[in-house]
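My questions will all concern the structure given below.
Scope of the values below: all heavy atoms of this structure, side chains included, with no hydrogens, waters or symmetry mates. Predicted model only: the values in this text are computed from it and were never measured. Sequence lines set the chain letters: A, B, ... in the order given, protein chains first and strands last, and positions in each chain run from 1.
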Number of protein chains: 2
Amino acid sequence: MAARDYGQYCGITRALELVGERWALLIVRDLLVGPRRYGELAAGLPRIPTNILATRLKELQEAGILRRAPRSRVVVYELTPFGRELEPVVLALGAWGFKALGEPRDEQVLTPAALTMTLRTAFRPAVAVTLPPTAYAARVGADGLVVRVDGGTLDVAPGDGTVDLAFTAGPGLHRIISGELSPDRAVATGAVEVLHGPGSLLDRFATTFHLAA
Amino acid sequence: MAARDYGQYCGITRALELVGERWALLIVRDLLVGPRRYGELAAGLPRIPTNILATRLKELQEAGILRRAPRSRVVVYELTPFGRELEPVVLALGAWGFKALGEPRDEQVLTPAALTMTLRTAFRPAVAVTLPPTAYAARVGADGLVVRVDGGTLDVAPGDGTVDLAFTAGPGLHRIISGELSPDRAVATGAVEVLHGPGSLLDRFATTFHLAA
DNA sequence: CCGCATCCCATGTGATACTG
DNA sequence: CAGTATCACATGGGATGCGG
């Protein structure tokens, strides 16, 4: 395939030659959350044509960014150490793009992987270390996400479980993270719905995860 | 034009919709060094078709990333504050891609803007603050770059001047920054040529600018 | 000459259908 | 489920033109 090159001897051009093609960094984003099967990747990128997904996976494998790994009868795609080093790039892009997120449009979906990376981007360890360990559950459509904050560490995993606070994670959550909406107003206006636990914990969430414009 | 969108409510997708098109981040890279005229941008991106450059400039202006500014009879393009916030993204990409830079091919050029961003990426303020202020001059083909390190600050500007050490900046410089080549071996093999000043200062340069694989 | 705009063709992308 | 094949179309690349 040989990605068209930019003809410059420069780290940025090299990076863009390797992961600058359309959809490539979104595949990396989803794999930063964990290994995924082909169908899981396709589900997390609803608009990607299957031929493009297949092509990108081959290119990224060729570049040493991901590999196909056999896992108990099925194949999963997982990042190599080199690919995992793209995390700062993805987080930096996410932090910058977050500020340019306007009102969500109807056609836009919110995937668990996207929310996971948003939380990683907005996580403030320095603040979290001063707070008691807390577990949140975020409901993303049909999926659940368990968010555990303990000391300065963050762990986001799929599924449900016993948590201190459960809430819905729609676009309203982004407005809390950006500080555009206070937690109480978010609850009052229905932007965020508390499903379980004391709503006051939403304040703690808002101070733990913050990304200002 | 309306960049094709990814259909997700996510900072990363938003960022890629704004600066994910081919050449866009390279234009940003060059403008991070300073305002540029149309022709200067074209010169710094030798392979960009002129229509693509014109299109990107319009899109990036539309997105609020750069603006056309009149400067004494001519128009220059310069980043807006929002566009300047892309610096962490560009530096992260550069740091990652730097590790994947293989041997330079003949067709690959090294532009002053690219070298400037490489130096910014590789700069280690914590090390620099322990060293005496030093001025280097790097010769990039027909262009000169003056690199001033003072305390924890770095300033890279075009031109020549009185410096402590002057040397040629070819691909050999990258191998010094990566630690792949020791300064003495670089000089011995001719990978880097000292034009002026004590060659021993190249060691200081190597500790000030470092980006390991 | 600089700053683009136009034209044409090669390539990449997207939607859909199809196969092991 | 995990891709491959096909085709229409959008975008990128290169040459060229043109007005200020």
TODO: Hey, can you tell me if B:Phe205 and B:Phe167 have their rings parallel, tilted or perpendicular (30° and 60° cut-offs)?
DONE: perpendicular
- request: Would you kindly give the CH2-to-C1' distance between A:Trp23 and C:dA15, to the nearest whole Å?
  value: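 That distance rounds to 13 Å.
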Think A:Arg204 forms a cation-pi with A:Tyr136, using NZ or CZ under 6.0 Å from the six-ring centre and within 45 degrees of its axis? no
*asked:* Which residues pass the ring pair (Phe, Tyr, Trp, His ring centres under 6.0 Å) test with A:Tyr77, not counting sequence neighbours?
replied: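 In terms of ring pair (Phe, Tyr, Trp, His ring centres under 6.0 Å), with neighbours along the sequence ignored, A:Tyr77 is linked to no residue.
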Think B:Arg22 has a side-chain N or O under 4.0 angstrom from the OP1 or OP2 of D:dG13?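 The answer is yes; a side-chain N or O of B:Arg22 sits under 4.0 Å from OP1 or OP2.
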Side chains of A:Arg14 and A:Tyr9, donor plus acceptor under 3.5 Å: no
- A:Glu17 and A:Arg4 ion-paired at < 4.0 Å: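 Looking at A:Arg4 together with A:Glu17, the answer is no, because their closest N to O distance does not fall below 4.0 Å.
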B:Glu21 CD to D:dT11 P, in whole Å, measures 8 Å
Of all heavy-atom pairs linking B:Ala122 and B:Ile177, the shortest is CB-CG2, 3.7 Å
Rounding to the nearest 10°, end axes of the helix from C:dC1-D:dG20 to C:dG20-D:dC1 built from five pairs each make an angle of 30°
N-O pairing of A:Arg139 and A:Glu193 below 4.0 Å: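 A:Glu193 and A:Arg139: not salt-bridged.
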Whether each nucleotide of nucleotides 2-8 of chain D has a protein heavy atom under 4.0 Å at its base (B), only at its sugar-phosphate (S) or at neither (-) is summarised, 5' to 3', as SBBBB--
To the nearest angstrom, the CD-P distance between B:Glu59 and D:dG12 comes to 7 Å
| task | Identify the residue among B:Arg84, B:Arg36, B:Arg71 that makes a side-chain hydrogen bond (donor to acceptor under 3.5 Å, both in side chains) with B:Glu78. | result |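 Single pass found, and it is B:Arg71.
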Next item on the list: Remember a base hit wins even if backbone is also touched, and classify A:Arg73 as base, sugar-phosphate or nothing at under 4.0 Å, heavy atoms.
Entry: nothing
Atom CG of A:Leu16 and atom P of C:dG12: how far apart are they, to the nearest Å?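 To the nearest whole Å, that distance equals 17 Å.
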Nearest heavy-atom contact between A:Arg29 and B:Cys10 is NH1-SG, 3.2 Å
Exercise for the section: To the nearest Å, give me how far apart CD1 (B:Ile48) and C1' (D:dA15) are. Expected result: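 One finds 16 Å between C1' of D:dA15 and CD1 of B:Ile48, rounded.
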Would you indicate, yes or no, if C:dT13 has its OP1 or OP2 atom less than 4.0 angstrom from a side-chain nitrogen or oxygen of A:Arg56?
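For C:dT13, OP1 or OP2 has a side-chain N or O of A:Arg56 closer than 4.0 Å.
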B:Leu53 CG to C:dT6 P, in whole Å, measures 16 Å
Rounded to whole Å, the CG-C1' distance (B:Leu45 to D:dG13) equals 14 Å
Exercise for the section: Please report, rounded to the nearest Å, how far the P atom of D:dA15 is from the CD1 atom of B:Ile52. Expected result: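 Interatomic distance, CD1 of B:Ile52 to P of D:dA15: 14 Å.
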